[in-house]
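There's a structure below that I have some questions on.
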Amino acid sequence: MKIEIEVQAFGEVEVQGTAGAHKGVELMEVHNLSKDTTLGEVETLLSRLFQEVENGYDNPEQKVGKITMRCKKENGEIVYLG
């Protein structure tokens, strides 16, 4: 099955000569995983991506993550897209 993992970090930053600047960082990865993959293993992938974002952006106001599995129902079966 194919999953997409996205992590975003954003917040206000000080930039001389501006009255309000914001910074945002977003990373996205696509993984092809077996159906036997556990939620814990997916959480490990998410944690690694959070760490990668944190390495590039010190102290963001917010950090959010999203995991997406794309599928459809066809002939009574769930079919994973990708």
Side-chain angles (χ1 to χ4, degrees):
M1 71 184 148
K2 181 171 110 176
I3 66 166
E4 300 165 5
I5 301 175
E6 297 174 59
V7 172
Q8 297 177 344
F10 47 89
E12 193 169 353
V13 293
E14 289 186 28
V15 176
Q16 193 163 347
T18 66
H22 290 79
K23 176 179 178 177
V25 174
E26 178 177 2
L27 292 177
M28 184 234 196
E29 295 180 346
V30 177
H31 297 271
N32 288 311
L33 305 173
S34 74
K35 284 186 173 184
D36 297 330
T37 303
T38 67
L39 185 56
E41 291 168 325
V42 173
E43 186 176 344
T44 299
L45 294 171
L46 178 63
S47 293
R48 187 184 50 73
L49 198 56
F50 267 117
Q51 185 62 46
E52 193 170 329
V53 167
E54 291 166 356
N55 289 342
Y57 188 173
D58 292 333
N59 300 317
E61 289 176 33
Q62 290 193 21
K63 293 176 279 189
V64 295
K66 177 172 73 171
I67 299 170
T68 305
M69 287 180 17
R70 299 196 188 278
C71 58
K72 65 181 179 179
K73 193 163 187 181
E74 189 174 273
N75 298 324
E77 301 279 324
I78 293 177
V79 177
Y80 294 96
L81 305 177

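This one's a predicted model, so the numbers in the text were calculated from it and none came from an experiment. Throughout, numbering of the chain's residues begins at 1 and tracks the sequence.
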Practice item. Please tell me if the side chains of Lys2 and His31 come closer than 4.5 Å, counting only heavy atoms from C-beta onward. Key: no
**Study point:** Min side-chain heavy-atom separation Glu54-Lys63 under 4.5 Å
**Key:** yes
Exercise for review: For Arg70, enumerate each residue passing the side chain to side chain contact (heavy atoms under 4.5 Å, CB included) test, keeping only those at least two apart in sequence or located in another chain.
Suggested key: Glu4, Thr68, Leu81
Revision key, fill the gap. NZ (Lys66) and CG (Leu46) are apart, to the nearest 0.5 Å, by 12.5 Å
Exercise for review: For Thr18 and Glu14, indicate whether the former's side chain and the latter's backbone hold a donor-acceptor pair under 3.5 Å.
Suggested key: no
Exercise for review: Could you walk me through whether Leu27 and Ile5 pass the side-chain contact (heavy atoms from CB on, under 4.5 Å) test, one step at a time?
Suggested key: CA-CA 8 Å; Leu27 292 177; Ile5 301 175; over 6 Å; no
Check your understanding: Any sub-3.5 Å donor-acceptor pair from Gln8's side-chain atoms to Gly24's backbone N or O?
Key -> no
Review point. What are the two closest heavy atoms between Phe50 and Val64, and how far apart are they?
Key: CZ-C, 3.8 Å
Practice item. Could you list the residues that satisfy salt bridge (Lys or Arg N to Asp or Glu O under 4.0 Å) with Glu29, not counting sequence neighbours? Key: Arg48
Check your understanding: Can a cation-pi geometry be assigned to Lys23 and Tyr57, taking NZ or CZ under 6.0 Å from the six-membered ring centre and within 45° of the ring axis?
Key -> yes
Check your understanding: For the hydrophobic clusters of this structure (ILVMFWY residues joined by side-chain heavy atoms under 4.5 Å, transitively), does one cluster hold both Val42 and Met28?
Key -> no
Check your understanding: Can you pull the side chain to side chain donor-acceptor pair (under 3.5 Å) pairs that have at least one residue in residues 73-82, sequence neighbours excluded?
Key -> Lys72-Glu74
Study note, to complete from the structure: So OG of Ser34 and CE of Met1: to nearest 0.5 Å the spacing works out to 6.5 Å
Review point. Should we say atom CG of Asn59 is surrounded by more than 12 heavy atoms from elsewhere, each under 6.0 Å from it?
Key: no
Check your understanding: What pair of heavy atoms forms the shortest contact from Glu41 to Asp36, and how long is it?
Key -> OE1-O, 4.2 Å
Practice item. Report the distance from atom CD1 of Ile67 to atom CD1 of Ile3, rounding to the nearest 0.5 Å. Key: 6.0 Å
**Study point:** Check: Glu43 main-chain N/O paired with Ser47 side-chain donor or acceptor under 3.5 Å
**Key:** yes
Check your understanding: If you group Ile, Leu, Val, Met, Phe, Trp and Tyr by side-chain heavy-atom gaps below 4.5 Å, do Val7 and Val30 land in one group?
Key -> no
